[in-house]
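The basis for the numbers below is simple: all heavy atoms, side chains too, and nothing from hydrogens, waters or symmetry mates.
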Amino acid sequence: MDVKHFKVNLLTQMTLLIIFVVFISTLLVSILFSSLLEDIVENYVGKQAMTVAQLAAQNPKIIQGFTEDHPSDVIQPESERIRHTTGADYVTIANHKGLRYSHPNPEYIGQPTATSNDAVFNEHKSIIYQGNGISGPAIKAKTPILNDKGEIIGVSSVGFLVENVQNQLSNYKMKIFQLSLIPILAGIVWAIVIARRLKKLILGLEPEEISFLYQEREAALDAIRNATITINIGKQVTSMNKRARELFPDHQLMVGKRIVDGHLAKLIKSVFSTKEGKFNRKVLLGQQLYIVDLSPILNHNNVRGVVLTIRTVSEIEQLTEEFSEIKAFSENMRAQNHEFLNKLNTIYGLLSLKQYDRALNIISSEVRERQDIISFLMSSVKDPLIAACLLGKKNRSKELQVMLEIDEESNLNSTLKPEDAHHLVSIIGNVIDNAMEAAWQRNKNKGKVKVSFTDLGNEIIFDIEDNGLGIPQGMEDIIFTNGYTTKTGENHGIGLAIVKNSIDLLSSQIYIDRSNLGGARFTIALPKDTKA
């Protein structure tokens, strides 16, 4: 196998790492515990030796034995009894000269002790130490033996052989080692389980593959010309592509921030609840109108987030300008065709009935009306975009069977800058549409809308009134809220929000009042300093 091309996969790396950590941790804990155990055992054995030594030193029979002609005859049996009872390896009693009166090996009785007793006899101290004796290395304790007068008459020496202590420690350490195998084995099993679980969650990919996929995803998102934004379940922005960052440099749509725009937040909530996408929704963000698509991010049929695809209306208009013009022309032609078809059928009926004079009157009236409205708009409205908008609304009113009356005294000699004219057309177009719908809903084919305008003075004034239901008192400001609507269906609640946005952009004013026709009256006041 080529060593240079040998790679350990993520599953093996994680398993080995967890096993290594568990093994080292268990080993270090075992070593530390063994070391502490040695100190604890040695300290405990030393204290136990001192306890036995003091027990022998205070034994009345042993103290009495020092007064006998043959002390060892009394002391040896008693000290052996104590040794067997306490488990000590030896209990030695010696006089003030250091000569033994007792020892587990009777041969050493009468001989001097192998270690010094100076600390006991000279300093009157009880001591614990580890040293070598005739029985071998031991943990020893020595304490003075006092008579009734408090005089030192001998020394009590008790020892536990180191060899026996080490055997006991070895048994303890073996148990620690056996117990340490449990966390090591559990760690190995758990490491394999965790590694397999993680491998499943990351779809079996290696770290470098995940890194490449992330970079590939970022590059793909940045290459998309539409703004793309992802929202998590907490309605927080989690990522934005390059186009989105360009569109919203200082807006609420920033990574880490929550969506607070009411209409957009409502659409996102709807996606979470229905698990279905929303497409081609108009949303007003800041001072700009956008078209938004919302698609759910599903995980096991649960919505974990939402992807927003955002396009500015201006971009769409720029890309589809020619198509929009054709469509607008087509709609106007359709409206006119619908109206003319009805009148053509009427004329045909009159001709069939040989009512030639009445047929001629209808034809003359229709031609005269068309010529009059076109002539009036061409002479009274200098801005062609506004004139075209009013002509289009006139045709639309005929299709809706709503009477749209343009005041013949109206006059507009001012020419606006193209962008301002566009905003003004957006304002009057949306207001007239709403007025015609309100008039038709209340009065059907008796609906009526009246439009008048003038540029006398320092402002351009448009008055648009209808005979609809009007605006309820206290709702004058609420109707301009983005998403507010009293209509059913989708993509409503945006028209008056666009109006309010355009009003702000033109630094103009809009007033709402009761119309003499019985419905609402909208007055738009635009300063003349916006003209070209």
(Q) Counting C-beta onward and ignoring hydrogens, is there a side-chain heavy-atom pair between Ser375 and Met378 closer than 4.5 Å? (A) no
Q. Does Leu517 reach the side chain of Lys450, with side-chain heavy atoms less than 4.5 Å apart?
A. yes
Q) Excluding sequence neighbours, so at least two apart, what forms side-chain contact (heavy atoms from CB on, under 4.5 Å) with Asn411? A) Ser380, Asn413, Asp455
Q | Atom pair NZ/CG of Lys269 and Leu267 - distance to nearest 0.5 Å | A | 12.0 Å
Q. Which atom pair, heavy atoms only, marks the closest approach of Ala439 to Asp466?
A. CB-CB, 4.4 Å
Q | Matching residue for Leu412 among Leu377, Ile460, Ile461 - test: side-chain contact (heavy atoms from CB on, under 4.5 Å) | A | Ile460
Q.
Side chains of Leu404 and Leu390, heavy atoms from C-beta outward: is any pair under 4.5 Å?
A. no
Q.
Testing the 3.5 Å rule here: is there a donor-acceptor pair between the side chains of Arg258 and Asn232?
A. no
Q | Within-4.5 Å side-chain heavy-atom neighbours: Val292 and Thr309 | A | no
Q) Does the side chain of Thr230 come under 3.5 Å of the side chain of Thr238 through a donor N or O and an acceptor N or O? A) yes
Q.
Go through it in stages, so that I can follow the logic: the residues are Ser502 and Leu424, the test is side chain to side chain contact (heavy atoms under 4.5 Å, CB included), and I'd like the CA-CA distance, side-chain angles, deciding distance and then a yes or no.
A. CA-CA 7 Å; Ser502 298; Leu424 183 57; over 6 Å; no
Q) For the side chain of Asn430 and the backbone of Ser426, is there at least one donor-acceptor N/O pair under 3.5 Å apart? A) yes
Q: With side chain to side chain contact (heavy atoms under 4.5 Å, CB included) as the test, would you mind laying out the steps for Val307 and Ile297 before giving the verdict?
A: CA-CA 7 Å; Val307 177; Ile297 302 173; 3.7 Å; yes
**Q.** Non-hydrogen atoms of Ser452 and Asp407 that approach each other most closely
**A.** CB-CB, 3.6 Å
Q) Any donor-acceptor pair under 3.5 Å linking the side chain of Ser270 with the backbone of Lys266? A) no
Q.
Tell me if a side-chain donor or acceptor on Lys275 pairs with a main-chain N or O of Val303 at a distance below 3.5 Å.
A. no
Q.
Tell me if a side-chain donor or acceptor on Asn241 pairs with a main-chain N or O of Thr228 at a distance below 3.5 Å.
A. yes
Q: Look only at the side chain of Asn467 and the backbone of Lys446, and say whether a donor-acceptor pair between them is shorter than 3.5 Å.
A: yes
Q.
Using side chain to side chain contact (heavy atoms under 4.5 Å, CB included), reason through Asp293 and Arg311 one step at a time and then give a plain yes or no.
A. CA-CA 9 Å; Asp293 294 338; Arg311 307 174 300 282; 3.0 Å; yes
Q | Pairing residues for Val271 by the side-chain contact (heavy atoms from CB on, under 4.5 Å) criterion, not counting sequence neighbours | A | Lys278, Leu294, Pro296, Val306
**Q.** Contact check, side chains of Arg396 and Met436, non-hydrogen atoms, under 4.5 Å
**A.** yes
Q: Using side chain to side chain donor-acceptor pair (under 3.5 Å) as the criterion, list what pairs up with Asp463, not counting sequence neighbours.
A: Arg521, Thr523
Q: Go through the steps for Glu405 and Lys448 under the test salt bridge (Lys or Arg N to Asp or Glu O under 4.0 Å), then give the verdict.
A: CA-CA 8 Å; Glu405 178 185 340; Lys448 184 176 181 180; 3.5 Å; yes
Q) Just how far is it from atom CG of Leu400 to atom CG of Asn395, taken to the nearest 0.5 Å? A) 11.5 Å
Q. Got a sec: does the NZ of Lys235 have more than 12 other heavy atoms crowding it under 6.0 Å?
A. yes
Q.
Check whether Arg304 reaches the backbone of Ile233 with its side chain - one donor and one acceptor, N or O, closer than 3.5 Å.
A. no
Q. From Glu408 CD over to Ile373 CD1, what is the distance, rounded to the nearest 0.5 angstrom?
A. 9.0 Å
Q: Without swapping roles, check the side chain of Lys393 against the backbone of Ile432 for a donor-acceptor pair under 3.5 Å.
A: no
Q. Can you name the ring-ring contact (aromatic ring centres under 6.0 Å, His included) partners of Phe453, sequence neighbours left out?
A. Phe462
Q. Taking all non-hydrogen atoms of both residues, which atom of Ala520 and which atom of Ile471 are closest, and how far apart?
A. CB-CG1, 3.9 Å
Q) Measuring from Ser410:OG to Phe376:CZ, what's the distance to the nearest 0.5 Å? A) 5.0 Å
Q. Which distance, rounded to the nearest 0.5 Å, do you find between the NZ of Lys394 and the SG of Cys389?
A. 14.0 Å
Q: With rounding to the nearest 0.5 Å, note down the distance linking CD in Glu459 to OG1 in Thr454.
A: 11.0 Å
**Q.** Which residues share a side-chain contact (heavy atoms from CB on, under 4.5 Å) with Ser508, sequence neighbours left out
**A.** Ile503, Leu506, Leu526, Pro527
Q: Go through the structure and list residues passing side-chain contact (heavy atoms from CB on, under 4.5 Å) with Ile182, not counting sequence neighbours.
A: Leu179
(Q) Are Val402 and Val449 packed together at the side-chain level, in the sense that at least one heavy-atom pair is separated by less than 4.5 angstrom? (A) yes
(Q) Looking at Arg514, I want to see if its CZ is surrounded by more than 12 non-hydrogen atoms of other residues, nucleotides or ligands under 6.0 Å. (A) yes
Q. Testing Ile510, Ile428, Ile427, Asp513 for side-chain contact (heavy atoms from CB on, under 4.5 Å) with Phe522, which one passes?
A. Ile510
Q: Determine, step by step, whether Asn458 and Lys528 satisfy the side chain to side chain contact (heavy atoms under 4.5 Å, CB included) criterion, reporting the C-alpha distance in whole Å, the side-chain angles of both residues, the deciding distance to 0.1 Å, and the verdict.
A: CA-CA 6 Å; Asn458 297 323; Lys528 273 190 178 181; 5.5 Å; no
Q. What is the minimum heavy-atom distance between Ala227 and Ala244, and which atoms define it?
A. CB-CA, 3.6 Å
